[in-house]
Protein chains: 2
Amino acid sequence: MGVRKRELPGGSPLVNLGTLDEAIGFHLRVAQDASFRAFARRAGQHDLKPGHFAALLVIANNPGIGQGALGRAIARDKSSVTPIIQSLSRRELIDRLTSAADRRRIQLSITKAGRALLRRLAPHVRNHDRNLDTIVGADKARFLGLLKRIADEIS
Amino acid sequence: MGVRKRELPGGSPLVNLGTLDEAIGFHLRVAQDASFRAFARRAGQHDLKPGHFAALLVIANNPGIGQGALGRAIARDKSSVTPIIQSLSRRELIDRLTSAADRRRIQLSITKAGRALLRRLAPHVRNHDRNLDTIVGADKARFLGLLKRIADEIS
DNA sequence: TATTGTTATACTCTATAACTATA
DNA sequence: TATAGTTATAGAGTATAACAATA
């Protein structure tokens, strides 16, 4: 009944990641992926993907924001913002109002329905965030600071 | 010449992220995205995407590994592993050897050419990793530990 | 000319389900 | 029946480039 020379099985604790195990980028991807899925699972019941949720939240917090500024805030190209806006708009979660001062700009704002959806979503978001916060614990501020610096400084 | 009521311009420091600014998941995505792009830019000159690089590295460190175990190591479904393996194999960076003991299994190993590519890539990988390490600094062990815990525990 | 947003398009990444072959 | 890997397929997410309207 001795332990035999198993060939890299199941839970993969026997896989040697080599230098990858020390690579921040790799673990960043795996963690992001896990967090993304967990959020999607919760919020998916209300049909709001993480990216759409982020956009809706930014619009809620910045009434009148344009798509360019929104894209910069969530780190997406304006051409990637368009379909998000269209989807949110189709669902009447946001309003689009052409700026009188500059008729190229569209001022985005959240609707009552949008706010209601955010409210319904709130407990799930809170659970998700609390999960992450619990894992990260007292280091949260430092942890977030490092993530922001990575985003800003890696050029 | 007083500061006027600018409408959320350029570098977007005026955008209020609201609760998103405290959301670990959001910053995880932005940081991962930035790191991924930075790596792709460097390694792209040698035609090796981050995902392919990770796979090649795991194969190098685990000669004879199968695609299932590889997928678990890099957190991808076996059906997502197949095209990676095909690409690496077509480029003769890896060898595929049917296991004699279990003819369903394919034992993967890196070739001389694969090793040579990893060697050519090494300085770029080192630069990338060093960049991240510099940003994260002395907290690296703790930072990596948190990323791993997020991946493991968020269920 | 420059800027805001849209469109056409294409590419990458990924997974689910059904499949083959082996066990 | 179960497992290793493949295939067919589809969907999400994203960007580049060209464009229209407006500035």
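Proteins get letters first, then strands, A, B, ... in listed order; numbering begins at 1 in each.
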- How long is the line joining CG of B:Asp77 and P of D:dT7, in whole Å? 15 Å

- Query: Which nucleotide in the set C:dT22, C:dC13, C:dA15 lies at the smallest distance from any side-chain heavy atom of B:Arg103?
  - Reply: C:dT22

- All side chain to side chain contact (heavy atoms under 4.5 Å, CB included) counterparts of A:Thr111, not counting sequence neighbours: A:Asp95, A:Ala113

Per-pair distances, 0.1 Å, donor-acceptor, side chain in residues 79-86 of chain B, under 3.5 Å, sequence neighbours excluded:
unit_1, atom_1, unit_2, atom_2, d
B:Ser79, OG, B:Asp77, OD2, 2.8
B:Thr82, OG1, B:Lys78, O, 3.3

Hey, can you pull the donor-acceptor pairs under 3.5 Å for the side chains in residues 118-138 of chain A, sequence neighbours left out?
unit_1, atom_1, unit_2, atom_2, d
A:Asn131, ND2, A:Asn127, O, 3.1
A:Asp133, OD1, A:Lys140, NZ, 3.1
A:Asp133, OD2, A:Lys140, NZ, 3.3
A:Thr134, OG1, A:Arg130, O, 2.7

- Message: On a heavy-atom basis, which atom in A:Gly114 and which in A:Leu56 lie closest, and how many Å separate them?
- Response: O-CD2, 4.2 Å

- Write down the distance between CG (B:Leu70) and C1' (D:dT3), rounded to a whole number of angstrom. 17 Å

- Taking atom P of C:dC13 as reference, at what distance in whole Å does atom CZ of A:Arg29 sit? 10 Å

- Give a yes/no on whether any side-chain N or O of B:Ser80 is located under 4.0 angstrom from OP1 or OP2 of C:dC13. no

Between the protein and nucleotides 4-11 of chain C, which nitrogen or oxygen pairs are less than 3.5 angstrom apart?
unit_1, atom_1, unit_2, atom_2, d
C:dG5, OP1, A:Gln67, N, 3.2
C:dG5, OP1, A:Ile106, N, 3.2
C:dG5, OP1, A:Ile106, O, 3.4
C:dG5, OP2, A:Gln67, N, 3.1
C:dG5, OP2, A:Gly68, N, 2.8
C:dG5, N7, A:Lys78, NZ, 3.0
C:dG5, O6, A:Lys78, NZ, 3.0
C:dT6, OP1, A:Arg96, NH2, 2.4
C:dT6, OP2, A:Gln67, OE1, 3.2
C:dT6, OP2, A:Gln67, NE2, 2.5
C:dT6, OP2, A:Thr82, OG1, 3.0
C:dT7, OP2, A:Gln86, NE2, 2.9

- Task: To the nearest Å, give me how far apart CZ (A:Arg41) and C1' (C:dA15) are.
- Result: 16 Å

- residues 66-99 of chain B vs ring-ring contact (aromatic ring centres under 6.0 Å, His included), sequence neighbours excluded, gives none

- Rounded to the nearest angstrom, tell me the gap between atom CG in B:Leu97 and atom C1' in D:dG5. 15 Å

- Scan residues 36-47 of chain A for pairs that pass salt bridge (Lys or Arg N to Asp or Glu O under 4.0 Å), counting only residues two or more places apart or in two chains. A:Asp33-A:Arg37

- Just how far, in rounded Å, is C1' of D:dT6 from CD1 of B:Ile84? 14 Å

- Interatomic distance, A:Lys49 NZ vs D:dG11 P [rounded to whole Å]: 11 Å

- Residue B:Arg76, side-chain heavy atoms: nucleotide from C:dT14, C:dT16, D:dT14 that is nearest: C:dT14

